[in-house]
Every structure is written in C-alpha cells, then in structure tokens.
Number of protein chains: 2
Amino acid sequence: MKGESIMPNPAFFNLSEDKRNLVISVALEEFSTANYDTASINQICKKSSVAKGSFYQYFADKLDLYVYIMTLAIEKKIAFFSNILDEFETLTLLEQIHLLFIKGIEFAKVYPQHAALGEQFSKESNATAKQAVIKEGEKQSETLFIQMIDHAKIKGEIDGDVDTLALSMMLQSLNKTVNEYIQNKFGDISYKHFDEGASKLVHSLLDIIFNGIKKR
Amino acid sequence: MKGESIMPNPAFFNLSEDKRNLVISVALEEFSTANYDTASINQICKKSSVAKGSFYQYFADKLDLYVYIMTLAIEKKIAFFSNILDEFETLTLLEQIHLLFIKGIEFAKVYPQHAALGEQFSKESNATAKQAVIKEGEKQSETLFIQMIDHAKIKGEIDGDVDTLALSMMLQSLNKTVNEYIQNKFGDISYKHFDEGASKLVHSLLDIIFNGIKKR
DNA sequence: ATCGAATGTGACCACCTAGTCACATTAATT
DNA sequence: AATTAATGTGACTAGGTGGTCACATTCGAT
C-alpha cells in the first residue's frame, strides 16, 4: 500500500503529455481487442511510433504495461461512479440497483473502449496477468452489493429470509450480463434506441427480482 | 446439413481406437486450459506422441481440430441432458429449471474437462474459432428457456406479464454463473459438500426468482 | 565549447508458432 | 517377390513473440 507503485518507470512521465496519451490510448485499444497473451507489444510500439528500446525504458515488461492500463481504467470507472454513492442513502434498494445498472451502461456508452477492456479482462485466461491486476487493487463490487442488501433488510425493504450471498451473486451476474448484452447489441449500431432499450431491460429484470414471477 | 462434416480426414478414423482417444484426450486438455490462440499444436503432438506431419494428415489445420473437439464435447453434453427432457412434461417450471441447473452442475462433476472446455469457449476471444464452432451447430439453450417460460405462462404457473426475454436472459446468466462458481469453488477441493452446497445455492436463487425479495 | 547524463533506436537473440514436404517406412495388392 | 498405395516422420519455412543491448542522438550543466 506504499506509494511505490507508480508502475511505469519515471522516464515515461517525462514524456510529453501527447506522447504519453498516445501510448496509453494505443495500448488500451490493443488490450481491449486482444487478450493478454495475444496482445502485441510490437504492434503497440508501431502504432504509437515508439521504438522498442524506448518502450522498455518506460515499462519493465508487458505485464507492467498491462497492470498500468488496467489501473487507469479502474480509476476511470471508480471516478465515474463516485458521485452516485453520495445520494445512495436516500434511495431504496430497488432505486440503488437500478442506478448502478444504468450507470454501468452509461459508462460503456461514454467509454466504450474502457468497457471493452473490462470485458476482455473478465474473460482473461492468463492467470499471471489476472492475478497481478487483482493484487493491484480491483474493487470487489461484491461487498458493495452485500452491504446494500444488509442495509435494505434492516430497513425492512426486503424479506429478511432472502439469501444475501445468492442475491449478491445474482446481481453481479446480471450486471455483467446486461453490460455484455448492451455492448453486443448496440456496440456498433446507432445509439438511437440505446437508452430506452437498456432501461426497459433493467426494469424487467428488477421487476422479476423484487416481485417474483409466481402467479399471485 | 449434409453428412459431409465428419471434419477430421478419414485417415484419423483408421487409427487404432486407443491412439484416437489419446489424441482427443490430449487436445481436450490443451483447449480446456488455454484459449484457441494460445493452445499449441506442437504440445498436442508431443503429448500424444504423434509426428507433426501425421497430425496434419488427420486434421486440415488447427481450426479443424478445435471444431472437432468442441463438437464432441457438445455431443457429450447433449447426451447427458437428453434423458431429462422426457420427464419435462410432468414438471412445473420451478422443477424444470432446478433440474436443468443441477444437471449442469452434475455434468461439470462427471466431466470436469468438458465443462472447463465449455467455460474456455464462452470466454474465447478469437472470432474465427468461435464462429466456426457456432456454425457447426451450437444448441441455443436460449430458445429452450423461452419455450419453458411460454409453456408455464399458458399453464398459469407464472405471471403472464413477466418479460419472457428478460427472464430467459436471467436464467442463462445465472446458469453460467452458478457453473463458474461451482467449478471455482469445488474444482480442486474435496467433493465432500459439493452436492449440498450446489443444491442450496440453486434453491436460494430460484426462491428469489419465483417469490421475489420484496417484504410482504 | 566541452563533457556527462539521459534518452532514442532498431538490429538482434532465443524461442515460440502453424503448416509443409521430400523422404522413409509400412501395408496391401497383384 | 514385386509393385503400389497409404502412412509415419521431423527438418524446414516463414513469421511471429518478448526482451536486450551497443550505439547514436539529444539535452543540460558546467
């Protein structure tokens, strides 16, 4: 937890901002379209007009770059979500979850590249790369859901007999699925019906979770 | 849909059954531990004591082998599930889904390698490989869920206002998540509490879906 | 203007990959 | 036994990978 983890070598930060951003942007594109092993340092160097030797003066190795890019993306996502946590206290669980889901979809709309990177990461099969990123501080959104559920139980919003872990798992699973779905459905097509389609889907899902499907 | 897709070259089927099974087993292991691009034909040849030249007399290329292995795995899974569809008529939707989920978990227990291959495939980022397998006839379990839901609506088991697509999506998502969870949780550890743990989880999830979480 | 440190560079290394092919070996047929 | 067909084999090609390093260039301070 010390401040020793600025990850890239200082030389990287001595670069002009433009150059730095170019490298980051190119690396982001590479890692969001290919998995860790398939992503190519050579390609990143070519596309950002950086000599191989220079690159290795900025980053210790491939993993160093990957962790750095992932960290930036995670920071961006956290920043994007940070403001909604303030108003959380005033909302019901239903509203909280709805907000989280919609905000996630919006994030993918505003930063499609970052969203794609996240999806790629969740499918990453290189254990070393995955491990390194998680160690560097991936926020466990699981604990957030659990807190929300416990809170809602105390407030009497939901049935106290509900299996908290199962519900938390369910919400995580759905969140991921919804994002994948939206990305695949509206990723290339126009954004015309983006919002309404997404909102309707989330509404339907939450309706099922809160009211159940049994005929009453 | 003609019978022209026996995929490997006839020479492969002229091999002794032992040799054939060895190749299949080694390839299964390779593709279930590495993604398509990372998986190595060289390794498969070495581990199954087949010369490179021989291998390419059996299979046209890497994709040919991959599609063949995936097809075998899919067939195995279909066979594993085939008997339960008979008794489906007599069951309620809750029982049907429960059975499907538990059967899926059992499949992973009996054929862990095949289950791992399936998980690997769902994470596959090589579009060509994914496409080729899907074209070769991946069963859309989505349609099965939709049929089940529609049927349950007609029988009056569940609320007719429920969003069928959303519910189907939800079931697919949960099915996948449960399998991943079980595999990661009990994959290496003892099978002591496997069944009860799995059953309890599925029960909790279905309880949420059918009854909702709202306090009543 | 001179020196020294920091940085840019691309040829190069060792190692991997998928796929090929001329040749050796074996099996089957005449 | 001789001929032909089928099959086994591994060196080889062309191309990729991550990473290194001796050298060229630039920059900053004396």
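Between A:K200 and A:E196 there is no salt bridge, since no side-chain nitrogen of the basic residue lies less than 4.0 Å from a carboxylate oxygen of the acidic one.
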Enumerate the protein-to-nucleotides 22-28 of chain C contacts in which both atoms are nitrogen or oxygen and the separation is below 3.5 Å.
none

For nucleotides 3-6 of chain D, give me every protein contact, N/O to N/O, under 3.5 Å, one pair per line with atom names.
none

- Note on the structure: Nucleotide by nucleotide, nucleotides 8-17 of chain C touches protein heavy atoms under 4.0 Å in the pattern (B base, S sugar-phosphate only, - none) BBB------S
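Residues satisfying the ring pair (Phe, Tyr, Trp, His ring centres under 6.0 Å) criterion with A:Y111, sequence neighbours excluded, are A:F107, A:H114. In terms of the side-chain contact (heavy atoms from CB on, under 4.5 Å) criterion, residue partners of A:D37 (sequence neighbours excluded) are, by chain and number, A:N35, A:N126, B:T38.
Computed from coordinates, the A:E30 CD to D:dG16 C1' distance equals 13 Å when rounded to whole Å. Rounded to whole Å, atom C1' of C:dT20 lies 18 Å from atom CZ of B:F59. Atom CZ in B:F13 sits roughly 13 Å away from atom P in D:dT7 (whole-Å rounding). The interatomic distance linking A:I44 (CD1) with D:dG16 (C1') rounds to 15 Å, in whole Å. Here D:dT17 presents its C1' atom at 14 Å from CG of A:N35, a figure rounded to the nearest Å. Between A:K19 atom NZ and D:dT26 atom C1' the separation is 15 Å, expressed in whole Å.
Note: B:Y68 OH to B:L63 CG = 15.0 Å, rounded to the nearest 0.5 Å. Here A:F145 contributes atom CZ and A:L171 contributes atom CG; the two are 5.0 Å apart, rounded to the nearest 0.5 Å. In this structure, CG in B:L201 is found 10.5 Å from CE in A:M170, a value given to the nearest 0.5 Å.
Annotation: A:Q43, atom CD; neighbour count of heavy atoms from other residues, nucleotides and ligands within 6.0 Å is above 12.
At least one side-chain nitrogen or oxygen of A:Y56 sits closer than 4.0 Å to the OP1 or OP2 atom of D:dG19.
Between A:L65 and A:Y58 there is no side-chain heavy-atom pair separated by less than 4.5 Å. Under the 4.5 Å side-chain criterion, counting only non-hydrogen atoms from C-beta, B:I209 is not in contact with A:I209.
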Side-chain donor-acceptor distances from residues 44-54 of chain B under 3.5 Å, at least two apart:
unit_1	atom_1	unit_2	atom_2	d
B:S48	OG	B:I44	O	2.6
B:K52	NZ	B:N42	OD1	3.0

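Between the side chain of A:S173 and the backbone N or O of A:M169 there is no donor-acceptor pair closer than 3.5 Å.
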